Protein chains: 2
Amino acid sequence: MSEATYFILAALLDGPLHGYGIIKRAGEQSDGRVRPAVGTLYGALDRMAAGGLIAVDREEVVDGRPRRYFRVTDDGVAAVTKEAARMAAAASLVRLRPVHP
Amino acid sequence: MSEATYFILAALLDGPLHGYGIIKRAGEQSDGRVRPAVGTLYGALDRMAAGGLIAVDREEVVDGRPRRYFRVTDDGVAAVTKEAARMAAAASLVRLRPVHP
DNA sequence: AACATATATATCGAGTGTCGAAGTATGCGA
DNA sequence: TCGCATACTTCGACACTCGATATATATGTT
């Protein structure tokens with residue numbers, strides 16, 4: 001799983017969001033460090049929808065602008081949880097590394 | 001920093017290694033989950049050497065086969081440490097997420 | 001003896017993912 | 001009125017990863 005995919009799924013864990021909302025949420029959740037580009041977002045969204053990790057929740061029109069809300073599926077929750085464990089393990093590799101004097 | 005880059009740097013933290021040794025070490029350190037392909041390895045090695053994260057430690061010939069040992073530089077240690085912190089934070093995003101009943 | 005596997009490096013093309021720009025459109029604040 | 005934030009889509013350029021290929025030796029397996 002790519003990092004963009006991970007942050008997009010993480011952004012959806014608190015409830016359905018539309019594309020632009022996901023970008024903002026990812027930025028908030030990472031203190032501004034991760035801001036997926038639009039091209040990245042919609043590509044990842046398409047792939048994840050095809051893979052069953054997310055689904056279109058609903059479509060609205062607000063102020064004449066369309067909004068597509070996505071929600072994470074059970075498979076998506078499982079995938080992002082597994083990925084978080086994998087990342088934590090990878091981080092420990094360096095962070096908890098034995099000292100070599 | 002890509003994941004391959006991260007695992008290659010992590011593999012070098014315990015001392016200089018040659019290319020093939022890095023692939024094996026990455027596999028060991030990740031319980032077989034990460035095995036960079038040769039193409040990935042040499043590409044990453046070139047990029048990191050150009051970026052000053054690693055350097056050629058020495059070159060040997062063992063059993064008629066050449067070996068190039070790489071070592072991580074101070075910049076490389078700093079980079080991989082920073083990346084580990086970033087990954088741990090990203091993992092916490094999902095792992096320590098507040099419960100939404 | 002023949003074959004597969006492991007060790008070891010290098011390169012190349014194919015595929016995938018990421019980025020930023022461009023295009024389209026509205027509302028709001030300076 | 002100008003610029004910025006909001007909002008979606010598509011496109012080309014670029015970077016990264018993979019696996020195959022090439023080359024070569026040693027060891028283990030059938």
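Throughout, a chain's letter reflects where its sequence line sits, starting with A, and its residues are numbered from 1. Computed from a predicted model, the values in this text were never measured in an experiment.
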Is there a donor-acceptor pair under 3.5 Å between the side chain of A:Tyr6 and the backbone N or O of A:Met87?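 No.
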Restricting to nitrogen or oxygen on both sides, can you table the protein-nucleotides 14-17 of chain D pairs closer than 3.5 Å?
unit_1 : atom_1 : unit_2  : atom_2 : d
D:dC16 : OP2    : B:Arg47 : NE     : 3.4
D:dT17 : OP1    : B:Ser2  : OG     : 2.7
D:dT17 : OP2    : B:Arg47 : NH2    : 3.1

Between [atom2] of [N] and [atom1] of [X], the distance in whole Å:
X       : N      : atom1 : atom2 : value
A:Glu60 : D:dC8  : CD    : C1'   : 14 Å
A:Met1  : C:dG17 : CE    : C1'   : 14 Å
A:Ile22 : D:dT6  : CD1   : C1'   : 15 Å
A:Leu41 : D:dC11 : CG    : C1'   : 16 Å
B:Glu28 : C:dT7  : CD    : C1'   : 14 Å
A:Arg35 : C:dT18 : CZ    : P     : 17 Å
B:Arg68 : C:dT11 : CZ    : P     : 9 Å
B:His18 : C:dT9  : NE2   : P     : 6 Å

Closest of D:dC8, C:dA10, C:dT9 to the B:Tyr20 side chain is C:dT9
Side chain of A:Tyr42: nearest nucleotide among C:dT11, D:dC8, C:dA6?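 Shortest atom-to-atom distance from the side chain points to D:dC8.
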Applying a strict under-4.5 Å side-chain criterion to I, L, V, M, F, W and Y, I'd like to know whether B:Tyr20 and B:Leu17 cluster together. no
Answer with base, sugar-phosphate or nothing: what part of the nucleic acid does A:Val62 contact at a heavy-atom distance below 4.0 Å? nothing
Toward the 5' end of DNA chain C, which comes first, B:Phe70 or B:Lys24, by nearest nucleotide?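 Here B:Lys24 is the residue nearer the 5' end.
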Can you pull the ring-ring contact (aromatic ring centres under 6.0 Å, His included) pairs that have at least one residue in residues 53-73 of chain A, sequence neighbours excluded?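 For residues 53-73 of chain A, and leaving out neighbouring residues, the ring-ring contact (aromatic ring centres under 6.0 Å, His included) pairs sorted by first residue read A:His18-A:Tyr69.
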Could you pull out the closest heavy-atom pair between A:Leu93 and B:Ala10, with the gap in Å? CD2-CB, 4.0 Å
Which distance, rounded to the nearest 0.5 Å, do you find between the CG of B:Leu12 and the CZ of B:Arg71?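 One finds 10.5 Å between CG of B:Leu12 and CZ of B:Arg71.
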Let me confirm one number: the CD1-CZ distance from A:Ile8 to A:Arg47, rounded to the nearest 0.5 Å.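 Here the rounded value is 8.0 Å.
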Applying side chain to side chain donor-acceptor pair (under 3.5 Å) as the test, list every pair that has at least one member in residues 79-89 of chain B; sequence neighbours left out.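 Those involving residues 79-89 of chain B are A:Glu3-B:Arg86, B:Glu83-B:Arg86.
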